[in-house]
Structures are given as C-alpha cells and as structure tokens.
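Have a look at the structure below, then the notes.
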Amino acid sequence: MVKLDAKIPDGPLARKWDNYKANQKLVNPANKRKLDIIVVGTGLAGASAAASFGEMGFNVKVFTIQDSPRRAHSIAAQGGINAAKNYPNDGDSVYRLFYDTVKGGDYRAREANVYRLAQVSNNIIDQCVAQGVPFAREYGGLLDNRSFGGAQVSRTFYAKGQTGQQLLLGAYQALMRQVHAGSVKLYTRNEMVEIVIVDGKARGIISRNLVTGKLERHFGHAVVLATGGYGNTFFLSTNAMGSNGSAAWKAYKKGAMFANPCFAQIHPTCIPVHGKFQSKLTLMSESLRNDGRIWVPKKKEDAEAIRAGKLKPTEIAEEDRDYYLERRYPAFGNLVPRDVASRAAKERCDAGYGVGPTGLAVYLDFQSAIDRLGRDAIEARYGNLFQMYEKIVDDNPYETPMMIYPAIHYTMGGIWVDYELQTTVPGLFCAGEANFSDHGANRLGASALMQGLADGYFVLPYTIQNYLADDISTPRMTTEEREFEDAEKSAKDRLDKIMSINGKRSVDSIHKELGLVMWDFVGMARNKEGLQQAIEKIQAIKKEFWTNVRIPGSAEDMNAELEKAGRLADFIEIGELMARDALHREESCGGHFREEYQTEDGEALRQDDKFTYTACWQYKGEDQEPELHREDLTFEVVKLVQRNYK
Amino acid sequence: METTINIKLKVWRQAGPKAKGRFETYELNNISTDSSFLEMLDILNEQLINEGKEPVAFDHDCREGICGMCSLYINGRPHGPDDDVTTCQLHMRKFKDGETITVEPWRSAGFPIIKDLIVDRTAFDKIIAAGGYISVSTGGVPDANAIPIPKEDADEAMDAASCIGCGACVAACKNGSAMLFVSAKVSQLALLPQGRVEAARRAKNMVAKMDELGFGNCTNTGACEVECPKGISLANIARLNREFLKAGIQD
C-alpha cells in the first residue's frame, strides 16, 4: 500500500503556510542557473509558474499545444476572480473565503490547501493590477467587486465578461518577457506525449511537434503539468475543442495517483444543445445570476405551449412564473452554488416544466433588472455576453429571456498532489485544474482563476525549490539515456498502432458516442445500476476505437485527426475511471449526485462516516482494475454540516 | 422547425508551407442554419474522412470567440460576412441556399501558411516579447488599490485589451500592417499608471520588432477596424503614433 503523505505543515491553520516557508529549503541564485524546469501547459497556472520560475533564475522550457501561449483555455473564463480583500467592507476575510470554499466544495477538500489559497488570493489581485490587468473600477478610481454563487459577500474582481482573458494575457505577457530575457524557451504547437522517469524521478518529457509530427526529447530536473481538466470526456462541454486530459493521464500511467475523478462540475447557465452536429457548448457567465432571475412556467400547459412554439415567455404573467431557486433557497436565491442550481434546473425539466424546443432549458430573465437599472447599465455589465448569446441563438436577450441549461464545465478531480503540489512521482508537480487540490466536490464560481494563479505565482515558486534544493549537483542529462529512448519508443509505438487500425469511423463519431454514455450515466444524476452499465459501455467503446478508428494522412505531418485520436483514447479510459469512482462513492456530495443518497427534498446527502476521504486511484496495468487508496480528510477548524443555502 | 441549406464550398488546400496550393470544390447538403461555420467544416471533414480523404486543416479551439485561434478568409472577408464576430461565432444562417462559399487562409507576408487554412502567427508573440508588458516580476508589488485609476482610463484600457490576437487586422490590410494589434497593446498599457513608466520604450521596441518581421506600413485605410471581431478602434493607432513620436524626441 502506497502511503499518501499530504505533508501538511505543523501549526494552527492560519500559520501553516508561514511555517512551511520558514522551514523550507531554498536554491541560491548560482545554482538556479544550473537547474532546468519543464512546464507543460500555458494557461493561468502554467504561464504564471513558468514566468515566475524564469524571473527567479531557473532555466524553463514551456510547452503548449496551441500556436501561442495566449490561446490556453483560461482565456475563456468570463466572470471573475475571488479574493479576500474585503474592499467593499461587507464582512469578508481570509477565513470567510476559506470557509465558503470548503463548504462550497461540500467538505471534500483539504483544509490546509484551501486556507493557503485564501491567504494568497489577495497577492494575486495586487500582482495582476501591477501587470496592467484592466479590472473594472468605480468612479473613485478604486476596484469594483461583484457577487458570485455560494457567497454572501462581493469578493469577485472582474474585467467586463473577459476576466480570464485579461488575467491570462497578464501572465502571458510576463511569460513573453522571460522568453525575451532568455530564461524561458517556448515550444508552441508541441504536445507532451510521454513522461520520462529516471531512477524513480520525473526527469523529462517526450513531445510531439504538431507541425512536423516529429517526436522530441526534453530534459528537466523537475516537470510541472498545468494542462487543465478532462471535461471533454463528455464530448460536449464548455471546454475548448483542444482541451484534454492526456498529460494527466500519462502521469497516472507513470505512477501518479488520480484523485476524485468523478467530481465534475456541471455549470447551470450554458446555451442549450441545438442539434447533433453541435461541437461544443457555450457558457453564459455565472455573473449573470447577479441580475438575471431563473424561472420556468408554473403551469405545465404553459410549458407545453412554449415548447410547441404557441406561446412566448414574455406572455406568461408574473404570477404564473416559478422562480424556483428563489422559492427553494430564499437566503441565496439565484446565487446558490453551481451544483445546486444545475440539479434544480434538471428537476424542473424532468418534471415537465422545461422550455425551448427540446424541453431541456429554463429561462434566465433580465427584465426586472432592466426595469430597475435601465438597459444601459445591463449592457455595461454584460454587453459582450448578450452579444455572444444573440450571435449563437439569434434571439435578443434584452427583449426575451435567455434560455439556459446545465453543461459540463470543470473537473474538480485530477492528479493527486501533496501540500507542495507534488504528485506521488517525485519531481512531477501538478498545478491548476489538472490537480485535484482545492475545490473538493464542487468549485465555487470565480475560484478557478484564483487557484490557477495561486499555484503558479505564489505556491510552486516556493515548493519547487524545496525539491530542487536536493538536486543542485545533478547534472543535465543528454537525453541519449535509455530511459529517454524507451519513452520515445513507447510514444512512437502508440502513434503507429493508432495509424495502423485503418477502420471505418472518424474520431469524433466515437467521441460523441462516449459523450452520450457519460452524460446519460455519469452526468448530473448517477446511480449504481447506471454506472455499472456505463463501465460496460465504455469498455465496448474502447474496443471499437482500437479496432475501427480511421486516421487519414500520416504521423510524420500535421495531422489533427491523429492528435484527436490520441486524446480520445485517453478520454475513454478517463471516462471509465470516472464511472468507477462514482460507483464506489456511495454518497452524494457537490457535483457528485447519487440518486440513492438524497434528502427528502432532493438535496445531496453525504455519508461523512464512510466517505470523508479523497479517493486516490493507482494504475495497475493495461486492462487491470485500478487500486483505491484513501487520503483521510481531517477537519480541525470547520465543522461538517449539511450544506444549507436556504 | 429546423431550416437547412445546400452549399458549395471552394476551399484552399495546400499540403505544406512550400507546396503549391489550389482550390478544391466540395458540395454539402442539408446544413442546419443553426450550425456554426466551423461545425459546417466539421461536417465536411467527417464526409472527407468517410471517403478516405484527408480532412481540411483549420485552426480553432474555444469556439466562443475569445481564444483568437480561428481565422479564415470567407467570401473575401476575414471572419466572414457577419460583423463583430470571429469565424467560430459565424452561423450558417448568414448564408443562402445554393450559395458558393470561398474559404481561404489569412494571406499576409507576416503569416506564412503551414497547411491548408492554417497560418503561422508566431510573429505576434515575438512582437509582445519585444515589449508588450509591464516589467514587474512576481511579488513585491503595491496593494491593488494603492493607485486609483480614473474609471474612464480603466474602461478605455479594457477596450484596447480586448484584442484576441487573431490577426484579422493584418489579413484585412492591403499593406499587411500589424499596427492595430501593436497599438491596442501599447494603448492599454500607456493608459494605466502602472504601464506609463515604460510607455515610450515599449512603443519603440514593439514597432521596431513589427518592422523587422516584415509587416507593412499603416496608410490609414481603416480596413483593420472594420474587420476586427472585437471592435478595436483606430484611435489606438493614433495613440501609438504619439507614443512613438515621444520616444523619438526623447532619444
């Protein structure tokens, strides 16, 4: 049995991070120059980590599958970033942000990590402002805040509806400054396909140049994965088309544990599915729930008439509307956390009150906000989101309510890391959405940006030194070593194998099949029987892929189908692990809702006596069942109670 | 209730950077007008794969108009016939039944073709690396509210910062100039007190890099502003010119 040591520092919660920093090992400037760090991924976590390492004096190699680091999917985050600044003087504090995050995550996150996250949140805002991030401001010239789900304070900083874009560009620019200075070497259109382990430690990667198809070897004294989540397992999600779980999956197969894979977030406010050729789902920011009110018709006949196109939402009288979030959760209203809002939408639609042509949609209505604040005020706040909605749906949301439905958005699960963000493979670190660390079973809005930048700017620059301090005498490897050769061969064999299948089906057609199984059985509501079926179905899809996929072109060329195939092969296996994890976790918590475990009024029912732990899965070989390890969660400060947003 | 159309596509195919390119014609039937343009290309590629042919290579990622990865010259316009959108947000309802649609890559000296519709835009990264930032390192910065910034300036900086780096401005420009892209970053940072300190140096270094990379001169045709999916204003170019002039005087 592998011992999972989270390496939580001693001392009271509020002192742990200070204690860690006071006692950790450091690397002096002359030695930093001798050490190489590989960073895979250039989203908020990867770009901020790589830029910071470069500034500190390390030699950094950074890899992205896109043509530029600025394309990473962090760019698409809309609403904002949380911090405990308490600028609005509404009762916020580091402790409050910590508490809200632990509670929002349904008590399945590690206290010490979350507390550190809340502590460094304020530094992030300072850093971003210094970089020139144009956050929204009040007329007095100071920073403006808004509210997000799961909080009763306004702690979210924002830049219009493009906060992720602005934060990523800040980190990207810091990164390019280091590229210019020569401390960071940038590899674009370059995908990590294998991790190289030498004497039990991560010492490099094999990457594929996506333009030439050539495999390349890269050495690093340490490797950081910041490659995002695996939401695209569902095919349709709010993730970018290229977002994938493959780097994390390679790490898993090299001995890193995969933690809580079944914790996936379903975001309540996305534009509903329109047809079978749909390629992705578009998110409408949670910030809209500040001013938008969610409702469905109170009468079934009205809902039916709307679905048949005989009635318009604006024709439904106020008293015939069911503002079901305000009804069920008066204290938080439309700003309940995402998992709660998603389930409530599903409940109404399943009961026959859904709207839109498919009946799988609810209204997000701005009429009362427009009446209260005027159209201009709403346009200033959400103009770009309204425009995006209109371009996609061909409907004007200033005049008729938006239609929304839940969709896969984010994965809380990911590679297991200790307090230092190190995986169970020494020298292999994991940051941002790719790790599991801070959000428990449900992430609160505006906390993904916070975690990505916390990991990259303010956590890894400390903790990686503690690891590298023991490596100052380790010389650079030439990459001629057998371990590099073997890793390259295994990557090449896999590509050749995929190319040689020469079957009849496109990658996407198989991916869509996987997505439907995931959505139907491993989606918003799960049960034992369904999950068992899902595992069988996913295994059949795996067989179909490895016998019937067709990849045109060659592996020695730019080949988008081959890239997608490699990622889909991993998604299929990730999907199976998600189903296994969901099956084993016989409780409901956060985004994981098991129908067998709910209260009388349909709320998630945790089983704290049995499942107050992080489920960590260890790879045991091809077609072998993975082994479950547990990291027990101990709560020294927060008292476990049923989440209540009423 | 779904409306569908039949279309003919003329698509630029080019096997590699040095290969000779040509237009290929494809016919697509029963395309839902609710599909996005890129979903239509997905359907084309599915069809090509099923016929055992190589699919059309095109850049795309977020498909919600923010990553800047998608490009495409559609019927002679960067990002196609709709206004204020990227190609991924363009929908088939903007096209007529029976229409022939011409799809080409960005064509500009600064953006060499890699394959089919994919071009190399690393020149933009190089321009940013030359000075498109504020030279602060992680840590040791003042409190975020230490320096008040007039809301008008912050809002104007935000508008300039909306640039997604797609390159439509360069593709639209008959001179292949990158002035709108460069000026958006110079303006954003020059408008903020934090970025003011290096404003002159930044303008000079970014413009020098742009010239070095083979982008053309700006002759104020305004085509860039018209085609910019994010509505980046020409006023930014005027501001860049002022900053550049100031840098010259300081030398």
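Remember, it's a predicted structure, so these values are computed and weren't measured experimentally.
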Partner chain A: residue of [options] with the largest heavy-atom pair count (under 4.5 Å):
options                        : answer
B/D82, B/L192, B/I31           : B/D82
B/G139, B/S137, B/G52          : B/S137
B/S35, B/P142, B/A57, B/P150   : B/P142
B/M69, B/Q194, B/H60           : B/M69
B/L189, B/I43, B/V85           : B/I43
B/T122, B/D120, B/I118, B/D155 : B/I118

So which part of [X] gets closer than 4.5 Å to some heavy atom of chain A, the side chain, the backbone, both or neither?
X      : result
B/K230 : neither
B/I149 : both
B/V197 : neither
B/D42  : side chain
B/F58  : neither
B/E46  : side chain

With a 4.5 angstrom heavy-atom cut-off, which part of [X] approaches chain B: side chain, backbone, both or neither?
X      : result
A/S68  : both
A/F157 : neither
A/L281 : backbone
A/R189 : side chain
A/L142 : both
A/E561 : side chain
A/D557 : side chain
A/D67  : both
A/Q166 : side chain
A/A560 : neither
A/Q165 : side chain
A/K504 : backbone
A/V393 : backbone

I'd like to check A/Q278 versus B/E39 (side-chain heavy atoms, cut-off strictly below 4.5 Å). Are they in contact? yes
If we only count heavy atoms from C-beta on, is the B/F37 to B/C88 side-chain gap below 4.5 Å? no
[X]/[Y] ion pair, N-O < 4.0 Å:
X      : Y      : answer
B/D83  : B/R77  : yes
B/D84  : A/K391 : no
B/D61  : A/R71  : no
B/K115 : B/D59  : no
A/R137 : A/D144 : no
B/R239 : B/E156 : yes

Working to the nearest 0.5 angstrom, can you tell me the gap between [X] [atom1] and [Y] [atom2]?
X     : Y      : atom1 : atom2 : value
B/E54 : A/S554 : CD    : OG    : 8.0 Å
B/F95 : B/N6   : CZ    : CG    : 15.0 Å
B/R63 : A/N239 : CZ    : CG    : 13.5 Å
B/E64 : B/S36  : CD    : OG    : 12.0 Å

When A/S279, A/P552, A/G170 are compared by non-hydrogen pairs under 4.5 Å with chain B, the top option: A/S279
Of A/G141, A/S243, A/S74, A/G553, the largest count of non-hydrogen pairs under 4.5 angstrom with chain B goes to A/G141
Under 6.0 Å from the ring centre and within 45 degrees of the ring axis: does the NZ or CZ of B/K126 meet both conditions for the six-membered ring of B/F124? no
For A/G132, is there any backbone N or O sitting under 3.5 Å from a side-chain donor or acceptor partner on B/Q188? yes
Using 30° and 60° as the class boundaries, would you call the ring planes of B/F215 and B/F111 parallel, tilted or perpendicular? perpendicular
